[in-house]
Amino acid sequence: MKMTPLPLLSARLGRPLQDLRISVTDRCNFRCTYCMPREQFGRDHAFLPRDEVLRFEEILRLAQMFVHLGVRKIRLTGGEPLLRRDIECLVGLLSTIPQVELALTTNGSLLEKKAQALHDAGLKRLTVSLDALDEPTFRRMTDSGSSVAQVLAGLEAAQAAGFQGLKVNAVIRKGVNEHALVDLARHFRGSGVVPRFIEYMDVGSTNGWQPNDVLGVARMRETLGHHWALEPVPADHPGEVAQRYRYRDGQGEVGFIASVTEPFCRHCTRMRLSTDGHLYTCLFATDGLDLKAPLRAGEDDRALSARVMRLWQERTDRYSEWRTLEGPVPARHKIEMSYIGG
Ligand code: SAM
Ligand code: SF4
Ligand code: SF4
């Protein structure tokens, strides 16, 4: 297949395709209230049957095609990606693709066991989600049988395995885990691990999100500013979603992701590939483009690429801008984040 010489741009807003998120499973061992609330994802919830889930060789083929279209960063996510059996084998396959930075986001519960194998397989970047340092709040946020201690042990194992530049994602919900902001910042100051504080978003259709549940990034920055002097750091690549700040005393960095209060749709460079091979140009999409059917029907790379290029070029989505700047958005059935890939 020929290399595309120029970045693939969307006709509207001229957004270049640079990032691909791949959801490798729609299953998870947590029931975070903001993502997979237990009332909706209970025992009788129908997860995807195995033959609907993209196989490793199918993911590899699609990933290679995306890299030819300009993608330079691939993030494995889910659901909980470490639940996917032999995930390190997929990492091994994807890490052979030249020019691409491979990353993974995990809830950390299985990381202690998997960190070394993931690193050995060629994974470079790792983000671990952790919403609080005290067990009661952690349980309240994640509704899981796991513990803070387990996630911290996973982070330690990742450092011991050789991962550098580790990031910790924390969703901050007003009135639920606001105190975690300072706790997490204090805990990771000087450790080399960068905490990133995320505004609670209205992803999916099950978490009962209300605008009042959102603690805006401006308030988060102000709160941390009462404890430590912070200064902004320029983005290190175009399309970076986190606003970066560093401690003036040199004790490291924190990040803020203001997807609700300061939307960044016009710089959105991401596509998402769902567990069953559907493609989405927006986290808040209501439907996607099926790539699995043509892939399994034997379509060649050129024809598959043409589908992807058309989808990207025609994308007009800018949900967060719409919701925040022009809202309210009419109710619609949005795809769940665990399936589409967070
Ligand atoms: N299970 C893995 C994990 O939790 O890290 C990967 C998938 S999860 C969907 C990816 C990221 O999305 C996590 O950092 C999680 O906190 C974030 N997330 C999920 N629901 C969210 C919401 N409603 N608002 C903001 N971030 C959310
Ligand atoms: Fe699972 Fe991650 Fe969603 Fe929590 S945020 S329920 S860990 S997929
Ligand atoms: Fe991109 Fe959609 Fe998020 Fe806007 S709302 S930044 S278009 S994923």
Side-chain angles (χ1 to χ4, degrees), residues 15-16 18-21 34-35 71-77 101-108 124-132 155 158 163-173 177-178 180-203 214-225 227-248 250-272 282-284 318-321 323-324 337 341-342:
R15 298 174 280 191
Q18 289 174 348
D19 306 87
L20 177 67
R21 299 201 156 202
Y34 50 80
C35 177
V71 162
R72 290 293 168 265
K73 189 165 172 186
I74 295 179
R75 180 170 295 275
L76 301 179
T77 177
E101 185 183 297
L102 188 61
L104 182 144
T105 305
T106 171
N107 64 28
K124 294 280 177 296
R125 302 254 164 234
L126 192 56
T127 301
V128 178
S129 301
L130 178 61
D131 299 326
L155 271 167
F163 282 103
Q164 303 200 335
L166 285 167
K167 296 194 176 89
V168 164
N169 274 359
V171 176
I172 303 297
R173 282 187 78 164
N177 68 333
E178 282 184 56
L181 191 63
V182 173
D183 290 357
L184 288 163
R186 181 173 287 121
H187 183 86
F188 290 111
R189 252 172 69 81
S191 71
V193 175
V194 177
R196 301 189 323 161
F197 302 108
I198 306 175
E199 289 177 352
Y200 174 37
M201 292 186 282
D202 49 337
V203 283
V214 180
L215 184 74
V217 151
R219 277 284 297 282
M220 298 190 205
R221 265 196 315 259
E222 191 186 314
T223 304
L224 288 192
H227 296 260
W228 304 282
L230 291 166
E231 62 189 10
V233 180
D236 66 357
H237 58 85
E240 178 160 64
V241 298
Q243 302 173 12
R244 297 169 58 198
Y245 281 78
R246 69 180 155 229
Y247 296 108
R248 278 186 200 266
Q251 290 303 299
E253 265 190 39
V254 294
F256 300 97
I257 303 181
S259 10
V260 179
T261 60
E262 298 169 50
F264 34 77
C265 299
R266 52 203 56 232
H267 306 292
C268 180
T269 55
R270 291 181 182 169
M271 256 197 189
R272 292 181 154 84
C282 182
L283 187 52
F284 299 89
R318 47 182 203 89
Y319 176 88
S320 288
E321 284 190 354
R323 175 236 293 122
T324 301
M337 196 168 184

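Being a predicted model, the structure only gives us computed values, none of them experimental. Residue numbers start at 1 and run along the sequence shown.
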| remark: Exactly one of Val193, Asp131, Leu126 clears side-chain contact (heavy atoms from CB on, under 4.5 Å) with Val168, and that residue is Val193
| task | Taking atom CD of Gln164 as the centre, report whether more than 12 heavy atoms of other residues, nucleotides or ligands fall under 6.0 Å from it. | result | no
| request: Ignoring hydrogens and angles, tell me if any N or O in the side chain of Thr269 forms a donor-acceptor pair with the backbone of Pro16 under 3.5 Å. | output: no
| task | Write down the atom of Val194, the atom of Gly255, and the distance for their closest heavy-atom approach. | result | CG1-N, 4.3 Å
| query | Between atom OG of Ser191 and atom CG of Leu166, what is the distance when rounded to the nearest 0.5 Å? | reply | 8.5 Å
| field | From Glu231 atom CD to Tyr247 atom OH, the distance as rounded to the nearest 0.5 Å | value | 12.5 Å
| message | Is a donor from one side chain sitting under 3.5 angstrom from an acceptor on the other, for Asn177 and Tyr200? | response | no
| request: Output the distance between atom OG1 (Thr77) and atom CE (Met337), rounded to the nearest 0.5 Å. | output: 7.0 Å
| Between Asp183 (side chain) and Ala132 (backbone), is there a donor-acceptor pair under 3.5 Å? | no
| said: Using a 3.5 Å distance criterion without hydrogens, assess whether the side chain of Arg15 forms a donor-acceptor pair with backbone atoms of Cys265. | reply: yes
| request: Quick one: pull up CZ in Arg270 and NZ in Lys73 and give me the separation to the nearest 0.5 Å. | output: 7.0 Å
| message | Here's a test for you: under side-chain contact (heavy atoms from CB on, under 4.5 Å), which of Gln251, Arg248, Arg246, Arg186 qualifies with Trp228? | response | Arg186
| query | Is it true that Glu321 and Arg266 make a salt bridge, defined as a side-chain N closer than 4.0 Å to a carboxylate O? | reply | yes
| message | With rounding to the nearest 0.5 angstrom, report the CG to CG distance, Leu76 to Leu20. | response | 9.0 Å
| query | What distance separates Asp202 CG from Thr324 OG1, expressed to the nearest 0.5 Å? | reply | 8.0 Å
| From CA spacing to verdict: side-chain contact (heavy atoms from CB on, under 4.5 Å), Tyr34, Ile198 | CA-CA 12 Å; Tyr34 50 80; Ile198 306 175; over 6 Å; no
| Test item: Arg72 side-chain N/O and Glu101 main-chain N/O as donor-acceptor pair under 3.5 Å | no
| task | Only counting residues at least two apart or in another chain, list the ones meeting salt bridge (charged side-chain N to carboxylate O under 4.0 Å, His left out) with Arg173. | result | none
| So do the side chains of Val203 and Tyr319 get within less than 4.5 Å of each other, counting heavy atoms only? | no
| Side-chain donor-acceptor contact under 3.5 Å, Arg196 with Thr127 | no
| Parallel, tilted or perpendicular: ring planes of Phe197 versus Phe256, cut at 30 and 60 degrees | tilted
Extract all donor-acceptor atom pairs below 3.5 Å that involve side chains of residues 214-222 and protein atoms in other chains or at least two apart in sequence.
residue : atom : partner : partner atom : Å
Arg221  : NH1  : Gln243  : OE1          : 2.6

